Trainee: 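Please read through the structure below; I'll follow up with questions.
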Amino acid sequence: MASGHSLLLENAQQVVLVCARGERFLARDALRSLAVLEGASLVVGKGKTATEAADDIINNHLPKLKELGRNGEIHVDNIDVFCEKGVFDLDSTRRILQRGKDIGLQINFHGDELHPMKAAELGAELGAQAISHLEEVSDEGIVAMATARCSAILLPTTAYMLRLKQPRARKMLDEGVIVALGSDFNPNAYCFSMPMVMHLACVNMRMSMPEALAAATINAAYALGKSHTHGSLEVGKQGDLIIINSSRWEHLIYQFGGHHELIEYVIAKGKLIYKT
């Protein structure tokens with residue numbers, strides 16, 4: 001759960017605190033969120049340059065976050081920066097992510113979406129767990145991510161709704177990048193249907209259905225650093241699954257909409273939480 005794309009920095013810690021407390025509430029219903037500090041968001045603060053905003057995050061917000069974590073008030077897993085022209089440049093992104101890593105946060109950030117920023121190369125260098133978007137990633141960035149085992153979180157809904165060029169999923173897969181899929185659920189990509197995400201990935205990004213299923217499950221878990229406990233049905237892992245009313249699993253992706261009729265049961269942590 002991210003602190004949001006349009007928050008002023010002075011509100012970011014409050015939102016992370018709410019997310020962390022919400023995580024404890026959701027745990028009662030066998031659900032869990034991952035808190036992500038995304039103080040480096042679209043609005044960097046009134047009267048601040050990106051460099052000044054980065055300094056503020058590094059010198060004030062991250063130390064406060066570390067203190068809150070040490071006191072047991074919150075638990076944050078990842079740090080995110082929007083590396084983009086007009087937002088945070090490569091140097092500011094590097095400084096924020098490195099400082100987050102220094103206090104124990106996993107790097108999971110936005111990059112190479114609207115302009116080629118060399119975010120993929122930076123993520124590989126810093127040991128990022130994952131990078132989201134990557135519509136404008138370079139060939140060198142793809143190779144670097146494959147070598148570093150840095151996951152690419154591709155968001156076909158974003159490219160579709162914003163009419164961007166599609167992420168080069170086939171190139172990434174061919175080079176050995178761990179490709180994950182996400183919905184990018186937010187006001188400009190208002191979709192939280194993973195079957196629709198997988199469908200668009202197959203149609204627009206030329207992924208096969210088995211590739212899309214793996215990208216939405218085990219690879220998505222890997223992108224969050226949770227593939228050892230989530231993302232596949234294996235002994236010792238958390239029992240999260242759905243049961244569909246179909247003779248073939250491919251209908252979950254092949255069918256264009258109407259998934260509420262296809263999905264009969266949802267099981268989370270071994271407990272039935274939904275049935276039609």
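Values in this document were obtained by computation on a predicted structure and should not be read as measured data.
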Trainee: Under 4.5 Å between side-chain heavy atoms, counting indirect links through other Ile/Leu/Val/Met/Phe/Trp/Tyr residues: same cluster for I178 and I218 or not?
Mentor: no

Trainee: Looking at D55 and K48, is any side-chain nitrogen of the basic one under 4.0 Å from a carboxylate oxygen of the acidic one?
Mentor: no

Trainee: Are M194 and I267 connected in a single hydrophobic cluster, I mean Ile/Leu/Val/Met/Phe/Trp/Tyr linked by side-chain heavy atoms less than 4.5 Å apart?
Mentor: no

Trainee: Check whether L65 and I107 end up in the same hydrophobic cluster, where Ile, Leu, Val, Met, Phe, Trp and Tyr are linked by side-chain heavy atoms less than 4.5 Å apart.
Mentor: yes

Trainee: Shortest non-hydrogen contact from I79 to G100?
Mentor: CD1-CA, 3.8 Å

Trainee: Examine L262 and M198 and state if one hydrophobic cluster contains both, with Ile, Leu, Val, Met, Phe, Trp and Tyr joined whenever side-chain heavy atoms are less than 4.5 Å apart.
Mentor: yes

Trainee: List in chain and number order the residues that pass ring-ring contact (aromatic ring centres under 6.0 Å, His included) with F185, two or more places apart in sequence or in another chain; answer none if no residue qualifies.
Mentor: Y190, F192

Trainee: List the residues meeting salt bridge (charged side-chain N to carboxylate O under 4.0 Å, His left out) with D89, not counting sequence neighbours, and say none if there are none.
Mentor: none

Trainee: Say you draw a straight line from CZ of R95 to CZ of F88; how long is it, rounded to the nearest 0.5 Å?
Mentor: 10.0 Å

Trainee: Within this structure, what is the CE-OG1 distance for the pair M117 and T93, rounded to the nearest 0.5 Å?
Mentor: 6.5 Å

Trainee: How far does SG of C83 sit from CD1 of I131, to the nearest 0.5 angstrom?
Mentor: 9.0 Å

Trainee: Atom NZ of K66 and atom CD1 of I103: how far apart are they, to the nearest 0.5 Å?
Mentor: 7.0 Å

Trainee: For the CD atom of E113 and the CG atom of D184, what is their distance to the nearest 0.5 Å?
Mentor: 7.0 Å

Trainee: Which atom pair, heavy atoms only, marks the closest approach of M172 to A152?
Mentor: SD-CB, 3.8 Å

Trainee: Anything under 3.5 Å between a donor and an acceptor, one on a side chain of residues 205-212, the other on a protein residue two or more places apart or in another chain? List them.
Mentor:
from, atom 1, to, atom 2, distance (Å)
R206, NH1, V203, O, 3.1
S208, OG, E211, N, 3.2
S208, OG, E211, OE1, 3.3
E211, OE1, R170, NH1, 2.8
E211, OE1, S208, N, 2.9
E211, OE2, R170, NH2, 3.0

Trainee: Verify, without hydrogens or angle tests, whether N108 (side chain) and A223 (backbone) share a donor-acceptor contact under 3.5 angstrom.
Mentor: yes

Trainee: CD of E261 to CD1 of I263: how many Å apart, nearest 0.5 Å?
Mentor: 11.0 Å

Trainee: Ignoring hydrogens, what is the shortest heavy-atom contact between A189 and T157? Give both atom names and the distance.
Mentor: CB-OG1, 4.1 Å

Trainee: Please determine whether residues L97 and I57 belong to a single hydrophobic cluster, defined as Ile, Leu, Val, Met, Phe, Trp and Tyr linked transitively by side-chain heavy-atom distances below 4.5 Å.
Mentor: yes

Trainee: Does some side-chain heavy atom of W249 sit less than 4.5 Å from a side-chain heavy atom of L213?
Mentor: yes

Trainee: Salt bridge between E140 and K118, side-chain N to carboxylate O under 4.0 Å?
Mentor: no

Trainee: List the steps, then state whether side chain to side chain contact (heavy atoms under 4.5 Å, CB included) holds for D77 with Q106.
Mentor: CA-CA 6 Å; D77 306 277; Q106 183 173 258; 5.7 Å; no

